[in-house]
Amino acid sequence: QVQLVESGGGSVQAGGSLRLSCAASGATVSRVCMGWFRQVPGKEREGVAVIGSRGFLSYVDSVKGRFTISKDHAKNTLDLAMNSLKLEDTAMYYCAAATCVLGSLPSAMNGTKYRYWGQGTQVTVSS
């Protein structure tokens, strides 16, 4: 059974940085497609960044140049380095995973493509 546990969330001032990590058990991160998603109460879940099993990367436009998604194969974690944080980055951030035989998922930024989810970690950016 695949389990995902996020960590690293917290409160930070605008312009600051945070690094989220998602520890995976029951799966090897190098072999699955994974992603970070976020949700604000009352709004739809949004794909933030995804990474395939063969190097495919994709980011939502609003975080390009500020966020970096990566896999730590030694630790078996999925990470998200977030720099130059903005007020609008405030949300609950979720880690997700899915099998992907071809190395990437069609419509990879669509959360419905992912079977396994973590419990989330809150990121709050203040002015």
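- Rounding to the nearest 0.5 Å places OG1 of Thr121 at 9.0 Å from CG of Leu18.
- Rounding to the nearest 0.5 angstrom, the gap separating the CG atom in Leu80 from the CD1 atom in Ile69 is 6.5 Å.
- Residue pairs satisfying the ring pair (Phe, Tyr, Trp, His ring centres under 6.0 Å) criterion with at least one member in residues 74-105, sequence neighbours excluded, are absent.
- The heavy-atom pair separating Ala81 from Arg19 by the smallest distance is CB-NH1, 3.5 Å.
- Nearest heavy-atom pair, Gln122 versus Ala91, reported as atom, atom and distance to 0.1 Å: NE2-O, 3.3 Å.
- Put simply, Val40 and Met109 are part of two different groups of oily side chains (I, L, V, M, F, W, Y) that touch within less than 4.5 Å, one to the next.
- Here side-chain hydrogen bond (donor to acceptor under 3.5 Å, both in side chains) pairs that include residues 39-54, with residues two or more places apart or in two chains, are Arg38-Glu46.
- A distance of 4.5 Å separates CD in Gln119 from CD in Glu6, rounded to the nearest 0.5 Å.
- Thr77 pairs by the side chain to side chain donor-acceptor pair (under 3.5 Å) definition with Asp79, not counting sequence neighbours.
- Take Val125 and apply the side chain to side chain contact (heavy atoms under 4.5 Å, CB included) test, not counting sequence neighbours, and it matches Val12, Ala14, Leu85, Leu87, Asp89, Thr90, Val123.
- Contacts classified as ring pair (Phe, Tyr, Trp, His ring centres under 6.0 Å) and involving residues 47-79 (residues at least two apart or in different chains) are not found.
- The disulfide bond (SG atoms under 2.5 Å apart) contacts involving residues 34-69 comprise nothing, where partners must be two or more places apart or lie in separate chains.
- The distance from atom OG of Ser70 to atom CG of Leu78, rounded to the nearest 0.5 Å, is 7.0 Å.
- In this structure a side-chain-to-backbone donor-acceptor pair under 3.5 Å is missing from Asn76 to Ser30.
- Nearest heavy atoms, Lys75 versus Asp72: N-OD1, 3.0 Å.
- One hydrophobic cluster holds both Val2 and Val29 under the rule that ILVMFWY side chains link at heavy-atom gaps under 4.5 Å.
- If you chain together hydrophobic residues whose side chains sit under 4.5 Å apart, Leu102 and Leu105 never meet in one group.
- Atom CD in Gln1 sits 8.0 Å away from atom OH in Tyr116 (nearest 0.5 Å).
- At distances below 3.5 Å, not a single donor-acceptor pair connects side-chain atoms of Lys71 with backbone N or O atoms of Gly55.
- Remark: Phe37 engages Tyr114, Trp117 in a ring-ring contact (aromatic ring centres under 6.0 Å, His included) (not counting sequence neighbours).
- Counting only residues at least two apart or on different chains, the disulfide bond (SG atoms under 2.5 Å apart) pairs with a member in residues 37-127 are Cys22-Cys95, Cys33-Cys100.
- The side chain to side chain donor-acceptor pair (under 3.5 Å) search around Thr112 returns Asn110, not counting sequence neighbours.
- With sequence neighbours excluded, no residue satisfies side chain to side chain donor-acceptor pair (under 3.5 Å) with Ser104.
- Taking Thr99 as the reference, nothing meets the side chain to side chain donor-acceptor pair (under 3.5 Å) condition, with sequence neighbours excluded.
- Here Ser17 pairs with Asn83 under the side chain to side chain contact (heavy atoms under 4.5 Å, CB included) rule; sequence neighbours left out.
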